[in-house]
Amino acid sequence: MRDNGWPAERIDTESAHSARIYDYIIGGKDYYPADKEAGDAMAREWPALPIHMRANRDFMNRAVRYLAEEAGIRQFLDIGTGIPTSPNLHEIAQAVAPDSRVVYVDNDPIVLTLSQGLLSSTPEGKTTYVEADMRDPAAILSAPELRDTLDLGKPVALTVIAIVHFVLDEDDAYGIVNRLLEPLPSGSYLAMSVGTADFAPEEVGRVAREYAARDMPMRLRTEAEAAQFFDGLDLVAPGVAQVHKWHPDARSGEGIKDEDIAMYGAVARKP
């Protein structure tokens with residue numbers, strides 16, 4: 001990796017990482033043997049795991065398309081971006097509105113090394129990458145890259161996709177999301193997907209134990225706990241729903257069983 005100018009010494013290739021496990025399971029190529037071993041072990045515990053993860057990715061695509069097409073949003077702040085997987089958020093938004101501006105945020109060095117795939121903006125728009133931990137909202141919001149890209153006087157879509165289940169109660173996931181949303185003006189939106197064990201508790205519980213065994217403990221949330229992230233906001237219909245049921249298209253919900261999905265999703269407007 002050093003031959004490409006990447007900070008290889010910062011990447012732990014011996015331990016599994018959640019973003020790389022996700023990349024492996026949805027068919028990506030940016031993973032290491034430890035990630036493959038972990039993904040295979042998790043899929044043995046819950047064979048629906050690939051269906052679940054692809055459904056989450058499809059939810060992100062539909063939510064961003066809704067925000068760009070129907071809500072008219074032209075600015076996006078994406079927290080916990082993960083490994084680039086086309087179509088990336090900016091590709092979806094800029095296909096609707098070429099002048100869309102996107103800030104990606106992640107603290108995983110491998111995402112930084114691959115971030116060029118996140119920066120291929122249209123000439124009319126702009127994309128940038130901020131290396132920061134979502135547990136430090138102040139660092140994210142004060143980052144020069146964010147301030148140079150987004151106008152916080154105009155509506156912004158805050159997207160927090162498939163990441164808060166790795167934020168434990170002692171780290172205050174609700175407070176983190178609220179602090180990120182606080183400086184955004186009226187007319188901004190929050191789009192989230194939130195991990196749950198409501199529909200396949202035994203299987204999803206076993207997957208969570210596999211993550212925890214690799215130093216990635218999870219906090220799965222009930223429907224009521226997922227809905228709490230949107231307190232004070234105006235939920236877009238159908239409200240908090242399993243991700244395959246949120247504005248499904250011809251492909252997204254076809255043949256998917258509720259027990260194969262362990263993620264709630266929702267989009268809401270800040271009054």
Side-chain angles (χ1 to χ4, degrees), residues 18-19 22-23 26 28 30 53 56-69 71 73-97 99-122 125-137 139-152 154-167 173 176-184 188-195 229 243 246 263 265-268 270:
S18 58
Y22 184 88
D23 183 72
I26 65 171
D30 296 302
M53 287 188 169
N56 176 75
R57 186 74 189 183
D58 289 344
F59 163 76
M60 186 278 286
N61 294 352
R62 296 194 310 278
V64 171
R65 193 176 306 115
Y66 169 87
L67 289 164
E69 280 185 350
I73 296 295
R74 298 294 179 263
Q75 302 190 109
F76 295 81
L77 174 57
D78 185 54
I79 305 296
T81 296
I83 291 171
T85 302
S86 189
N88 292 299
L89 188 153
H90 74 280
E91 294 172 313
I92 299 165
Q94 291 179 348
V96 175
D99 59 335
S100 296
R101 303 170 76 84
V102 178
V103 173
Y104 291 109
V105 180
D106 207 294
N107 70 335
D108 180 5
I110 198 170
V111 179
L112 174 63
T113 69
L114 299 170
S115 63
Q116 195 59 40
L118 300 171
L119 304 178
S120 55
S121 176
T122 57
K126 185 175 181 179
T127 68
T128 194
Y129 179 82
V130 174
E131 186 179 13
D133 192 317
M134 72 174 293
R135 294 172 180 82
D136 189 357
I140 294 170
L141 293 167
S142 64
E145 298 92 340
L146 184 148
R147 295 289 176 168
D148 289 345
T149 303
L150 303 182
D151 178 355
L152 298 188
K154 297 178 180 179
V156 176
L158 172 64
T159 57
V160 187
I161 306 298
I163 189 66
V164 292
H165 49 272
F166 292 114
V167 181
I176 289 168
V177 173
N178 285 337
R179 286 192 293 276
L180 289 167
L181 193 61
E182 183 179 15
L184 307 185
S188 294
Y189 281 80
L190 172 64
M192 288 187 69
S193 61
V194 182
F229 284 104
V243 288
W246 195 90
M263 200 80 76
V267 174
K270 184 177 180 178

Would a 4.5 Å heavy-atom cut-off, applied to side chains only, mark [X] and [Y] as touching?
X: Leu119; Y: His90; value: no
X: Arg101; Y: Thr127; value: no
X: Ile73; Y: Val156; value: no
X: Val194; Y: Phe229; value: yes
X: Glu91; Y: Ser86; value: yes
X: Met263; Y: Met53; value: no
X: Leu77; Y: Tyr104; value: no
X: Met134; Y: Ile176; value: yes

Under 3.5 Å, is there a donor-acceptor pair between the side chain of [X] and the main chain of [Y]?
X: Asp106; Y: Gly82; value: yes
X: Lys126; Y: Asp99; value: no
X: Arg179; Y: Asp136; value: no
X: Lys270; Y: Leu190; value: no
X: Arg62; Y: Val243; value: yes
X: Asp23; Y: Asp30; value: yes
X: Gln75; Y: Asp151; value: yes
X: Arg135; Y: Ala173; value: no
X: Arg74; Y: Ala68; value: yes

Item to check | Sole candidate of Val177, Leu158, Thr159 that passes side-chain contact (heavy atoms from CB on, under 4.5 Å) when paired with Ile79 | outcome: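 Running side-chain contact (heavy atoms from CB on, under 4.5 Å) over Val177, Leu158, Thr159 with Ile79 returns exactly one hit, Leu158.
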Working to the nearest 0.5 Å, report the span between [atom1] of [X] and [atom2] of [Y].
X: Tyr66; Y: Phe59; atom1: OH; atom2: CZ; result: 11.5 Å
X: Ile140; Y: Glu131; atom1: CD1; atom2: CD; result: 11.5 Å
X: Phe76; Y: Ile92; atom1: CZ; atom2: CD1; result: 9.0 Å
X: Leu146; Y: Leu152; atom1: CG; atom2: CG; result: 6.0 Å

Next on the checklist: Quick one, Val130 with Val103, criterion side chain to side chain contact (heavy atoms under 4.5 Å, CB included). Give me CA distance, side-chain angles, the key distance, then yes/no.
Outcome noted: CA-CA 7 Å; Val130 174; Val103 173; 3.8 Å; yes
Which pair of non-hydrogen atoms, one from [X] and one from [Y], has the smallest distance, and what is that distance?
X: Ser188; Y: Pro155; value: OG-CA, 3.4 Å
X: Ala93; Y: Ser100; value: O-OG, 3.5 Å
X: Ser18; Y: Phe166; value: CB-CZ, 3.6 Å
X: Ile83; Y: Ala19; value: CD1-O, 3.8 Å
X: Pro183; Y: Leu141; value: CG-CD1, 3.7 Å

Item to check | From CA spacing to verdict: side chain to side chain contact (heavy atoms under 4.5 Å, CB included), Tyr22, Thr85 | outcome: CA-CA 10 Å; Tyr22 184 88; Thr85 302; 5.6 Å; no
Item to check | Steps toward side chain to side chain contact (heavy atoms under 4.5 Å, CB included) verdict (Val164, Met192) | outcome: CA-CA 9 Å; Val164 292; Met192 288 187 69; 3.7 Å; yes
Checklist entry - Does the pair Asp78 and Thr81 meet the rule for a side chain to side chain contact (heavy atoms under 4.5 Å, CB included), with working shown? => result CA-CA 6 Å; Asp78 185 54; Thr81 296; 2.9 Å; yes
Checklist entry - For residues Ser121 and Gln94, is any side-chain donor paired with an opposing acceptor at under 3.5 Å? => result yes
